[in-house]
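Beneath this line is the structure, given in structure tokens, with notes to follow.
Lettering follows sequence order; numbering is per chain, from 1. All heavy atoms count here, side chains included; hydrogens, waters and symmetry mates do not.
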There are 2 protein chains.
Amino acid sequence: MDAAPLQVIPYDRPTLSALLRRHGIAPTHQRLEIARVLFARCQHLSAEQILHQANERHAETSKATVYNTLNLFRDRGLVREVIVDPKRVFYDPNTGPHHHLYNVDTGEITDIPADGLRLSGLPELPAGMVTEGVDVIVRVRSAGVSGLG
Amino acid sequence: MDAAPLQVIPYDRPTLSALLRRHGIAPTHQRLEIARVLFARCQHLSAEQILHQANERHAETSKATVYNTLNLFRDRGLVREVIVDPKRVFYDPNTGPHHHLYNVDTGEITDIPADGLRLSGLPELPAGMVTEGVDVIVRVRSAGVSGLG
DNA sequence: ACAGTGAATTAGAATGATTCTTAATGGACG
DNA sequence: CGTCCATTAAGAATCATTCTAATTCACTGT
Ligand SMILES: [Mn+2]
Ligand SMILES: [Mn+2]
Ligand SMILES: [Zn+2]
Ligand SMILES: [Zn+2]
């Protein structure tokens, strides 16, 4: 049983604490700060971006802790990774089923809700395989920008 | 007009030479060797794997050339990149529309033909955006391997 | 308040894929 | 042969991420 995907909750300290605890994560100051960055606006951020936003007021969280914490959050199912750019991983606080629009020019990632999107005709899995997830990535670019020379 | 997606062609030197030339690429020894590795079996290989396979008989291609050549092939539309693993890029000699099954345990990538797969209900693109492609990635794992602790 | 304890944090080194710099090589052609 | 320009390639650099090892922290029990 997973926590139902909460969308618009007040992300104050007590709420975030409860969220972490529900996922078996001890709510430390740094972890709460990182969780706040991720859940406040429901964005898709890289570790570097999260590090900067977490340290906007006072520098109090190290780069190592950001990576440790993101891996912990991922392992506990609090966030998911979005793999669209070979250069860096993005972290998505929305773990519910949904897909992504990726602007290859700007690097911007936008959610595509899973309802309304129908995909059928997937081949049967080879025996002994279990589906972990299906990712749909729509790659777009700003019109007028030629991809070739 | 792009070359029609040829599937089963005899990948001898003259054929590969013509293929490269059709894409505006001068067919050098190293490039032909790399093309042979990619097109012989229609696999999804990383740069490292391609380097090794290219140098199986005689070591004659450097790592730098493998990366240069793969980027050249990609820019000229000879191959496409497959982004499923944050650790490395895979190169796909099949540039026709198709999707991928990714075994997160073994790292194996399998093609899913595009026909037979129907996806509908994609949201309209914001104005000034052009779709570059739609990737569907089915992530699977070998049954019995728990992703959690 | 204070020591003890295990978990969390962190600075900095290490790793590894990829790119960059720059110099050597090589084929085409006169 | 010698010139010319593309190609190749060794090794340095970059950069995201992980690892190591040591410090700090939050609690607990006194
Ligand atoms: Mn990771
Ligand atoms: Mn690349
Ligand atoms: Zn998302
Ligand atoms: Zn493929």
Side-chain angles (χ1 to χ4, degrees), chain A residues 13 16-17 20-21 23-37 44-55 58-76 78-92 104 107 109 149, chain B residues 13 16-17 20-21 23-37 44-55 58-76 78-92 104 107 109 149:
Chain A
R13 285 304 167 98
L16 288 172
S17 269
L20 296 208
R21 259 190 276 267
H23 285 260
I25 300 167
T28 66
H29 181 71
Q30 286 88 339
R31 287 168 180 174
L32 286 170
E33 198 61 21
I34 291 168
R36 186 186 55 73
V37 168
H44 305 81
L45 300 171
S46 67
E48 177 98 358
Q49 293 173 315
I50 291 166
L51 173 65
H52 285 142
Q53 293 197 24
N55 286 332
H58 316 288
E60 51 202 357
T61 306
S62 73
K63 177 177 291 195
T65 295
V66 168
Y67 278 101
N68 288 344
T69 300
L70 290 173
N71 285 336
L72 177 67
F73 283 7
R74 187 238 299 122
D75 292 345
R76 297 293 164 85
L78 226 200
V79 304
R80 80 192 263 203
E81 297 181 342
V82 180
I83 313 297
V84 289
D85 180 340
K87 303 235 183 280
R88 58 216 188 288
V89 172
F90 291 94
Y91 291 87
D92 190 342
V104 300
I109 299 175
Chain B
R13 285 303 165 98
L16 288 171
S17 269
L20 295 208
R21 260 190 276 267
H23 286 261
I25 300 166
T28 67
H29 181 72
Q30 286 87 341
R31 287 168 180 173
L32 286 170
E33 198 60 22
I34 291 168
R36 185 186 57 71
V37 168
H44 305 81
L45 300 171
S46 68
E48 177 97 358
Q49 292 174 316
I50 291 166
L51 173 65
H52 284 141
Q53 294 195 22
N55 287 331
H58 315 288
E60 51 202 357
T61 306
S62 72
K63 178 178 289 193
T65 295
V66 168
Y67 278 101
N68 288 344
T69 299
L70 290 173
N71 285 336
L72 177 67
F73 284 6
R74 186 236 301 121
D75 292 345
R76 297 295 164 84
L78 227 200
V79 305
R80 80 191 266 203
E81 296 180 342
V82 180
I83 312 298
V84 289
D85 181 340
K87 303 236 183 278
R88 59 216 187 287
V89 172
F90 290 93
Y91 291 88
D92 190 343
V104 300
I109 299 175

For [X] and [N], what is the distance between atoms [atom1] and [atom2] respectively, to the nearest whole Å?
| X | N | atom1 | atom2 | result |
| --- | --- | --- | --- | --- |
| B:Glu33 | D:dT8 | CD | C1' | 15 Å |
| A:Leu45 | D:dT17 | CG | C1' | 17 Å |
| A:Tyr67 | C:dA13 | OH | P | 17 Å |
| B:Arg88 | C:dT15 | CZ | C1' | 15 Å |
| B:Leu32 | C:dG26 | CG | C1' | 16 Å |
| B:Arg76 | D:dA6 | CZ | C1' | 12 Å |
| B:Phe73 | D:dT7 | CZ | C1' | 13 Å |
| B:Leu70 | D:dA9 | CG | P | 13 Å |

inquiry  = Using five pairs at each end of the helix from C:dA1-D:dT30 to C:dG30-D:dC1 to define an axis, what is the angle between those two axes, to 10°?
reply    = 10°
query = Where along nucleotides 6-12 of chain C does protein come under 4.0 Å, by heavy atom, of base (B) or sugar-phosphate alone (S), with - for untouched nucleotides?
reply = --SSBB-
Inter-residue atom distance [X].[atom1] - [Y].[atom2], 0.5 Å rounding:
| X | Y | atom1 | atom2 | value |
| --- | --- | --- | --- | --- |
| A:Tyr91 | A:Asn71 | OH | CG | 5.0 Å |
| A:Ile109 | A:Asp92 | CD1 | CG | 8.0 Å |
| A:Gln30 | A:Asn55 | CD | CG | 9.5 Å |
| B:Leu32 | B:Thr61 | CG | OG1 | 10.0 Å |

query = Side chains of A:Arg88 and A:Glu48: does their closest heavy-atom pair fall under 4.5 Å?
reply = no
Any idea which heavy atoms bring [X] and [Y] closest together, and the distance?
| X | Y | value |
| --- | --- | --- |
| B:Leu45 | B:Val37 | CD1-CG1, 3.7 Å |
| A:Pro27 | A:Leu20 | CA-CD1, 3.9 Å |
| B:Glu81 | B:Arg74 | OE2-NE, 2.8 Å |

task = Answer yes or no: is there a donor N or O on one side and an acceptor on the other, between the side chain of A:His23 and the main chain of A:Arg76, under 3.5 Å?
result = yes
